[in-house]
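Encoded as structure tokens, the structure appears first; notes follow it.
This is a predicted model, so every value here is computed, not measured.
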Amino acid sequence: MASSCLTSPAGAALCRPRRPRRRVACSAAADAGGKSTEAAWLSAAGGKSAGRLACGVLAAWAVASASNPAIAASQRLPPLSTEPNRCERAFVGNTIGQANGVYDKPLDLRFCDYTNEKTNLKGKSLAAALMSDAKFDGADMSEVVMSKAYAVGASFKGTDFTNAVIDRVNFEKADLTGAIFKNTVLSGSTFDDAKMEDVVFEDTIIGYVDLQKLCANTSISADSRLELGCR
């Protein structure tokens, strides 16, 4: 099949077929450690210019994500914040460190309840946020940036992550039933033992290795697996 390729500033070869379009592999040159990097973006419905842009973003983040941050479930978390109105801080978010999770003040959202929040979370930067055991059921989290967030055991049933950047987030044992990842970047994120029935993966942008790990989650429904391209 004919394809068109461009070279990004990061040195990544970004390619996509002309028609029909289902899956594009973006192969980058060897990184600083001498290892080649490869990313694939999936298009269930055929994204347009946004897909090309997102593919370039993913290729750039593949290098930044090479060293896995300390987001494992076994990490030692700080004591629960006693700050008044700490849950409302999500409506402001972090203003720095969107990609690397650097922040001027910890964003502690643990045990907070944002059920059906349709306005105040959209487009916010929640870099390095502590979200474990929080509830985001039915919330509009479209266009959020969640770099290095820790969401172990959190609930995201029916949450809308359209156009969001879900980068290196730990969703271990989280409930993502019916969540919407439409045109969403899912780079370096983990979903061990997460509930993922009826999740929507339309035009999801995800690395090849991350895709293999995600497909290992047996709770993903047949339609969603087909949408992802799981084998």
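Using modelled atom types, one side-chain atom of S219 and one backbone atom of M196 make a donor-acceptor pair closer than 3.5 Å. Between the side chain of S189 and the backbone N or O of V169 there is at least one donor-acceptor pair closer than 3.5 Å. The main-chain N or O of I180 is never found under 3.5 Å from a side-chain atom of T162 such that the two would form a donor-acceptor pair. Between the T204 side chain and the F181 main chain, a donor and an acceptor come within less than 3.5 Å of each other. A donor-acceptor pair is defined here as one N or O able to donate and one able to accept, closer than 3.5 Å; such a pair exists between the side chain of D210 and the backbone of G188. Although no hydrogens or angles enter the test, the distance criterion places no donor-acceptor pair under 3.5 Å between the side chain of N94 and the main chain of L107.
Expressed to the nearest 0.5 Å, how far CZ of F111 lies from CG of L80 amounts to 6.5 Å. Rounding to the nearest 0.5 angstrom, the gap separating the CG atom in D192 from the CG atom in L214 is 10.5 Å. From T184, atom OG1 reaches atom CE of M146 across 11.0 Å, with rounding to the nearest 0.5 Å. Remark: L109 CG to D133 CG distance equals 12.5 Å, nearest 0.5 Å. Atoms CZ and CD, on R225 and E227 in that order, are 13.0 Å from each other to the nearest 0.5 Å. Here CZ of F201 is found 4.5 Å from CD1 of I220. Values are rounded to the nearest 0.5 Å.
Shown here for A90 and L126, the closest heavy-atom pair between the two residues is O-CD2, 3.8 Å. Between A151 and A174 the shortest heavy-atom distance is O-CB, 3.8 Å. Across all non-hydrogen atoms, the minimal contact from L121 to A139 is CD1-CB, 4.2 Å. For the pair L77 and Y150, the tightest heavy-atom approach, listed with the atom from each and the gap, is CD1-CE2, 3.4 Å.
With sequence neighbours excluded, the residues that form a ring pair (Phe, Tyr, Trp, His ring centres under 6.0 Å) with F156 are F136, F161, F171.
At a cut-off of 3.5 Å, with distance as the only test, a side-chain donor of D140 or S142 sits close to an acceptor on the other residue.
Every pair passing salt bridge (Lys or Arg N to Asp or Glu O under 4.0 Å) that includes a residue from residues 109-130 is listed here, sequence neighbours excluded: D108-R110.
Residue L228 is grouped with residue V199 when hydrophobic side chains (ILVMFWY) are merged at heavy-atom distances under 4.5 angstrom, including chains of intermediate members.
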Worked verdict on D175 versus S155 for side chain to side chain donor-acceptor pair (under 3.5 Å): CA-CA 5 Å; D175 191 343; S155 184; 4.7 Å; no
